[in-house]
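This report refers to the structure that appears directly beneath it.
In this text, all values refer to a predicted model and were calculated from it rather than measured experimentally. By convention in this document, chain letters (A, B, ...) are assigned in the order of the sequence lines, proteins followed by strands, and residues within each chain are numbered from 1. Atoms considered below: every heavy atom in the structure, side chains included; atoms not considered: hydrogens, waters and symmetry mates.
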Amino acid sequence: MTSNAEAAEILRTVADLLDVLGEKFKPEAYRRAARSIESLTEGLGAVAARDELRTIPGVGEAIAEKLQEYLKTGTIPYYERLKHEVPPGLIELMRLPGLGPKTARRFWVELGIQGPNELRDAIAAGRLNGLKGFGDKKIEQIRTALGVAAAGSPSARRPIEEAYPIARSLVAGLRKGADLDHVEVAGSFRRCRETVGDLDILVTSQDPTRVFDVFTALPLVAEVKMRGGTKETVLLQGGLQVDLRVVKPEEFGSALVYFTGSKDHNIRLRSLAQDQGLKVNEYGVFRGEKRVAGATEGDVYSSLGLTWIPPELREDRGEIDEAAHGKLPSLVQERDLVGDLHVHIPPDARPDRIDPLVADARKRHLQYLGVVVAGQGADGSVWVLPEPTRARIGAVRDSAMRLLRAVEVGPGPTPQPLASVEFDYRIVRPTSLVPDLSEGAKATGCGALVAHVGSSAAHEASALAPWMEVARTLRAGVEVGPGPERLDSISGHQARESGLRLHIPTGVGAPADDPTRDIALGFARRAAASGRDVVNAQPLGRLSIGGGEPVRSPRSRPSGPRKERPGKRPPA
DNA sequence: GCCGTTTTCGGCCCGACTGTTTTCAGTCG
């Protein structure tokens, strides 16, 4: 079984091996290709089948050939050969913090060291003492790194929903303690990647020292790793690393561009600037000595002849060309969301639970709300909201708000105990490994609107394909957002490319600081979704549930059936 | 190894910080 993630990992290891061997530019070329492959929205096999491997950024003749080998055999002969040339322990060494390929290579060549254990022994035996470039501090730093590595590496990337409350708390703490003009969390957090490796916080202030002091004193901060004139790096309780940078107001835009990234986006911006005789760095855009932009992101992009690029798109997937030609998609925004078709309340909720929900929805300017009134748990057990609660949902008559009733079931026929429950549409929750479409939607005559797709293996196109097929057949929207039962942005991209629409949870009924809505919006935007691509950005009259008639709001006139895009009809 | 409205060879993003240095190499993001 081959996968994009595995292919990328092999290429990355090839890069490391070449690094240790002292190669100059090849390693970066392999890493570039690895990053591209990781951010593909489909399987390598599919790209190869179309003979389009070389259209992947950073993949040329040589790497394309190696990828073919990988797809055929599961490995790459060149990689196997390199592994025999370099002791495997060296890769571990160069991945230790503070060590790199140069140092690992020196240990190997000058001291015959082949891995962490031998390095530990060498330090204990004093063999590093007197080695050029290794003072006491350096040796101590290496000793620490070795100790941390032995204790396991806690610093893996973590899901963005874990980072959200942390980021909010840090920003609030900074604002409270220091006199700041701007604060922004940049990095992959701002691009709304599914996972973040660290947090990059950017502030403007006249008094960096004061900012660092305040920051260091925050309760979440466990340890200061590094502190310079403009930059401080800390470790939080729990091991998350945070970089805090203080810049001048006139530099804020360029710094924000620079630290929001991604790396490949930045590299492309810089080379674009070079072509125009300009230089871009975190301090601004310069023509010679003269600063031509820097205060805002808009200035920076426009000085390069580009329209402003939303952070979620800054991955070097063609967005810079699109910005140059004014062809960036118009991404879905918070204000586009006019409804929510997937709202849960507890299975034993009483009728008085409904009105506050409606009030909250109205506050968020929603026009309709789909409440799940009955469903199947993950274990197959069936639940139904108490009758008075269902009655209350049916009874709410509000000129500005329409309530809909959903049942949440598997892709097969509706289970018997739910057959008598009145509902408006189904939410399909995949309950078995392979969906059975033989009966599916037609069994009830009422199709589904929202597919509830588990994404544990979502990065693998092949694992997701059957569920996409279910959604296509049911003409269902698929839900994006954080958590294991929703699609991440890459899968959302796949969904969109197969003509499916997305559903974005709005967090209605959830606490105000619940990040689900923001993250889901971010994922949809990363998938380049516009309002048209989002089910719950459609007004009620345009909503067709289960491929049937549009839903009519109580006071609105009936509208015609929604026009289908060609080629998107479900199989007969 | 990749890549090109200055191309098929000759470049390859750029600056902060650290630790070792009397001017810089390595690492990191």
Side-chain angles (χ1 to χ4, degrees), chain A residues 11 14-36 53-67 76 78 82 93-107 128 130-142 144-145 155 186-188 196-202 208 224-233 241-247 251 254-255 257-286 305 316 321 324-325:
Chain A
L11 295 186
V14 167
D16 289 345
L17 290 164
L18 291 170
D19 247 338
V20 174
L21 289 171
E23 285 280 356
K24 204 87 175 92
F25 293 104
K26 286 187 193 182
E28 207 35 55
Y30 276 94
R31 288 195 185 100
R32 168 92 207 283
R35 288 195 298 270
S36 285
L53 283 176
R54 293 196 55 181
T55 65
I56 300 170
V59 175
E61 192 181 341
I63 293 183
E65 199 176 304
K66 292 179 174 71
L67 290 175
I76 298 172
Y78 179 60
L82 285 176
L93 282 187
M94 65 167 281
R95 287 181 180 176
L96 291 176
L99 265 68
K102 299 268 168 48
T103 314
R105 181 177 169 78
R106 281 193 63 195
F107 287 152
L128 264 59
L131 199 62
K132 192 159 180 284
F134 288 87
D136 291 347
K137 276 186 149 175
K138 189 81 200 165
I139 293 175
E140 190 50 40
Q141 192 188 66
I142 294 172
T144 308
S155 59
S188 51
V196 298
D198 62 9
L199 291 176
D200 295 287
I201 304 181
L202 208 57
V224 177
K225 270 182 84 174
M226 195 266 302
R227 179 158 164 179
T230 61
K231 170 181 174 180
E232 180 174 59
T233 299
Q241 179 171 314
V242 184
D243 295 336
L244 175 66
R245 292 179 170 84
V246 182
V247 301
E251 301 164 348
S254 43
V257 168
Y258 183 79
F259 291 112
T260 299
S262 66
K263 186 185 175 93
D264 291 323
H265 178 89
N266 285 349
I267 289 175
R268 193 163 289 261
L269 278 188
R270 288 213 162 106
S271 67
L272 182 70
Q274 273 188 340
D275 294 347
Q276 303 175 15
L278 297 167
K279 188 175 82 168
V280 182
N281 57 29
E282 55 264 58
Y283 303 111
V285 183
F286 299 88
D316 189 27
D321 268 356
H325 297 101

Heavy atoms only, 4.0 Å cut-off, all strands: where does A:N266 land among base, sugar-phosphate and nothing?
nothing

By nearest atom, which of the nucleotides B:dC13, B:dG15, B:dT18 is closest to the A:Q141 side chain?
B:dT18

Proximity to the side chain of A:M226 - top-ranked nucleotide from B:dT18, B:dT20, B:dG1
B:dT18

Exceeds 12 heavy-atom contacts within 6.0 angstrom, atom CD of A:E65
no

Reckon A:R227 touches a base, only the sugar-phosphate, or nothing at all at heavy-atom distances under 4.0 Å?
sugar-phosphate

At 4.0 Å (heavy atoms only), tell me whether A:T233 reaches a base, stays on the sugar-phosphate, or touches nothing.
nothing

Is the side chain of A:S36 donor-acceptor paired with the backbone N or O of A:I56 at a distance under 3.5 Å, no angle test?
no

How close do A:H265 and A:D316 get, counting heavy atoms only, and between which atoms?
N-CB, 3.8 Å

Identify the heavy atoms of A:V59 and A:A64 that sit nearest to each other, and give their distance.
CG1-N, 3.6 Å

Partner lookup for B:dT8, please. Criteria are Watson-Crick or G-U wobble with both distances under 3.5 angstrom; report none if nothing qualifies.
none

For A:D136, which contact category applies under a 4.0 Å heavy-atom criterion: base, sugar-phosphate, or nothing?
sugar-phosphate

Can you name the nearest heavy-atom pair linking A:I142 to A:L128, along with the distance?
CD1-CD2, 4.5 Å

Remember a base hit wins even if backbone is also touched, and classify A:E28 as base, sugar-phosphate or nothing at under 4.0 Å, heavy atoms.
nothing

Ion pair A:K231/A:D243, N-O distance below 4.0 Å:
no

Under a 4.0 Å heavy-atom criterion, the protein footprint on nucleotides 23-29 of chain B, written with B, S and -, is ---SSSB

A:N281 side chain: which of B:dC17, B:dC14, B:dC2 is closest?
B:dC14

Considering every strand and a 4.0 Å limit on heavy-atom distances, what is the contact class for A:G261: base, sugar-phosphate, or nothing?
nothing

Atom NZ of A:K66 and atom P of B:dC2 are separated, to the nearest Å, by 7 Å

Considering only heavy side-chain atoms of A:Q274, the closest of B:dC2, B:dC14, B:dG15 is B:dC14

A:E61 atom CD, over 12 foreign heavy atoms within 6.0 Å:
no

Has A:F25 got its ring stacked on the base of B:dC12, with centres under 5.5 Å and planes less than 30° apart?
yes

From CG of A:L278 across to P of B:dC14 the rounded distance in Å is 12 Å

